[in-house]
Asker: 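Quick one: the structure is below, and I'll ask about it shortly.
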Amino acid sequence: MSSELAHRQHSRYADVSWIDMATSGSGQSAERIASCLTTVSGRSGPHLLVLDGVSDPEDVVRYLPRDETKVLITSRADTGIWHRIARVIQVPVLPREESVRLLRTQVHGLTEADAMRLAGALDDLPLAMEKAASWLMSGMTPGQVLEQLKSSASRILSGYRSSDFSGSLAGRLSKATSVLAAGSEEDRRMLHLLHAVAVLGPDPFPTRALRGDRWEVSESDAQYLLTICDLHRRLGGLRDRGLMILQTGAAKLDEISGAVIRDLLAACPEDTASAFALAEQLLVAAVPERAAPERAWGDWALAAPSVLAVDPANIRTEPGRKAPLDTYNYLVDSGRYREAIDGLGNLRMAWAEHFAQHRPDDLVAMSLLARAHFGRGHYETAERLNLQVYLERERELGPGDPRTLAASAYCALDLGAKGHHSDARQLARQSWLEQCNLFGQESRPAMRTGSYLARLETSQDPAQAYQLGLHIYRLQRDHLGIRHQHTLDTAHHLALCLVALNEFRKALPLLEETLKYRKEILPHGHPETLWTAAHYYLLSADLGRPVPQSATQWTFDGLRKAFDRDQHVVRRLMAMVKC
């Protein structure tokens, strides 16, 4: 843009001088500016001096000419000092619709959907899209372009430039990181932080979630980062150098720059190990507490992308391994079963190869994987995983350990889902009684298993199941609250007990209240919300009450996506939708 302006306005000036500040070494800025001004001194008429790619205002402020010379400065440094010495014009990226139009104008036949995907991956950077357009015109598909960017961004983007653009994005980022590496101790610490944010992936890292009481600096990393305050100061320094984007409560690299920096980092194994060590500390300090997850869905949604972006093979400490496990627990709790199944499979493969000695962590991953498979209706797979977890925990921890009893309760649910009702009830009752003896009826594990037992008893003895379910529901309502997810699970199945007892008019308001609270606390389209909605709409229809067609369709579509099995409730909803 500055080059285009200089070409258009050159007739207004006697001379136009251009200095590429990005290639200036330390201490050379003053010499180059002085040399340029000396060359044109004594000539008549105004002079335009372009200082392109200034990284630090202090490099140029004191050397700016005081005569009639006009100065145009380009900089990615977002710092308030510019506003005190110059007229500042912010240059945004292209609006998405303009990016799409640019790509589709250059590439005949490119669909709007593909153009949108490319523009998003290229962060609406015009030069990057210019290069992508050239690849597309050479015969590459949009999918191949995206894969190329992911596989080796620095190599590919090292050549993307226009005739008036001196240097490439990869080259400029390489130069910027080299300057930091050769600078002061604080500069090297900023570079270390830049590497850590790069390996955390393209999504914004939630700096507002960082908690000082969970921030532990190991002796090996103390030279890089001391406090949360240090971190924020260094993030600001990276922003001022145009290397970091700071949003409200978050920090990120644009996707292209992040890919290039990760490529550059891959050539330095020692720097890579340090980057992952610091990234692991950041994750440990940023993940929310496990307690009451339904009150922290938003915090989890912010932290989860960064946690899941890190290769689990590069997570080395026990607190670090807990971060992805808690994150996958969040995915299962929030009904994202398919995503959890894929991610946990990759995590277990990585841990089996690199951390064979950490079997307890793998058992937690197996238990989460079983829950995700159960949510998808894969009961055989869930039973196999839960049974393996139960047997290993019983052998290692003993039958009375809370984790062993929790695993046995899950096994009972698996048996019930497969139709082995007698064995399921017996196992659930045994687990519940032991938990009551060990921890008391009001403990969360005992209330949870008691709710499972009431669910399993419904088909055999609905009256007894109702009495037990009502008892557990009252305990959960008193100790967890009426809106807690466990309380609502019990309320849902309590309503189904009432249906089994032909108490339809008591069941309907309970389902209606449960559906209302589920919609309030759970993410949109959560499977548990869909199941409650399905039973509520089916019971309403049986009682001759009007059911909105749009609501029935939404519930049916959601369950078809979430549940792999041909379930009778889904079949009944399908009949309602067709009617």
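Worth saying up front: this structure is predicted, and the values here are computed from it rather than measured.
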Asker: Do Pro402 and Pro445 come within less than 4.5 Å of each other through their side chains, counting heavy atoms only?
Answerer: no
Asker: Using atom types as modelled and distance alone, determine if a side-chain donor or acceptor of Ser257 lies under 3.5 Å from a backbone N or O of Leu253.
Answerer: no
Asker: Is the backbone of Thr529 close enough, under 3.5 Å, to the side chain of Thr532 for a donor and an acceptor to pair up by distance?
Answerer: no
Asker: Taking all atoms of both residues into account, what is the closest heavy-atom pair of Met447 and Ile472, and its distance?
Answerer: O-CG2, 3.3 Å
Asker: Quick check: does any side chain N or O of Thr487 sit under 3.5 Å from a backbone N or O of Arg483, one acting as donor and the other as acceptor?
Answerer: no
Asker: Assess the residue pair Arg560 and Asp557 against the criterion (salt bridge (Lys or Arg N to Asp or Glu O under 4.0 Å)); give the C-alpha distance rounded to whole Å, side-chain angles, the decisive distance to 0.1 Å, and a yes or no.
Answerer: CA-CA 5 Å; Arg560 285 290 297 271; Asp557 292 341; over 6 Å; no
Asker: A side-chain contact here means heavy atoms from C-beta on lying under 4.5 Å apart; do Leu385 and Ser367 qualify?
Answerer: no
Asker: For the side chain of Trp432 and the backbone of Ala446, is there at least one donor-acceptor N/O pair under 3.5 Å apart?
Answerer: yes
Asker: Under a 3.5 Å threshold, yes or no: a donor from one side chain and an acceptor from the other, between His492 and Thr514?
Answerer: no
Asker: Taking side chain as C-beta onward, heavy atoms only, is Gln476 less than 4.5 Å from His484?
Answerer: no
Asker: Side-chain polar contacts of residues 196-210 - donor-acceptor pairs under 3.5 angstrom, sequence neighbours left out - could you list them?
Answerer:
from, atom 1, to, atom 2, distance (Å)
Thr207, OG1, Gly249, O, 3.2
Thr207, OG1, Ala250, N, 3.3
Arg208, NH2, Asp299, OD1, 3.4

Asker: Is the backbone N or O of Leu110 less than 3.5 Å from a side-chain atom of Arg104, with the two atoms forming a donor-acceptor pair by type?
Answerer: yes
Asker: Which ring pair (Phe, Tyr, Trp, His ring centres under 6.0 Å) pairs, counting each pair once, include a residue from residues 457-476, with sequence neighbours left out?
Answerer: none
Asker: Report yes or no: do Arg371 and Asn329 form a side-chain donor-acceptor pair below 3.5 Å?
Answerer: yes
Asker: Compare all side-chain heavy atoms of Val364 with those of Lys322 and state whether any distance is below 4.5 angstrom.
Answerer: no
Asker: Sequence neighbours left out, what pairs pass ring pair (Phe, Tyr, Trp, His ring centres under 6.0 Å) with at least one residue falling in residues 494-533?
Answerer: His524-Trp554, Trp531-Phe563
Asker: Can you tell me if Ser540 uses its side chain to pair, donor with acceptor, with the backbone of Val547 under 3.5 Å?
Answerer: no
Asker: With a 4.5 Å heavy-atom cut-off, do Arg429 and Glu457 have their side chains touching?
Answerer: yes
Asker: Taking the side chain as every heavy atom from C-beta outward, state whether Arg444 and Thr449 have any atom pair closer than 4.5 Å.
Answerer: no
Asker: Just so I know, are the side chains of Glu112 and Arg101 near enough to count as touching, which here means a heavy-atom distance under 4.5 Å?
Answerer: no
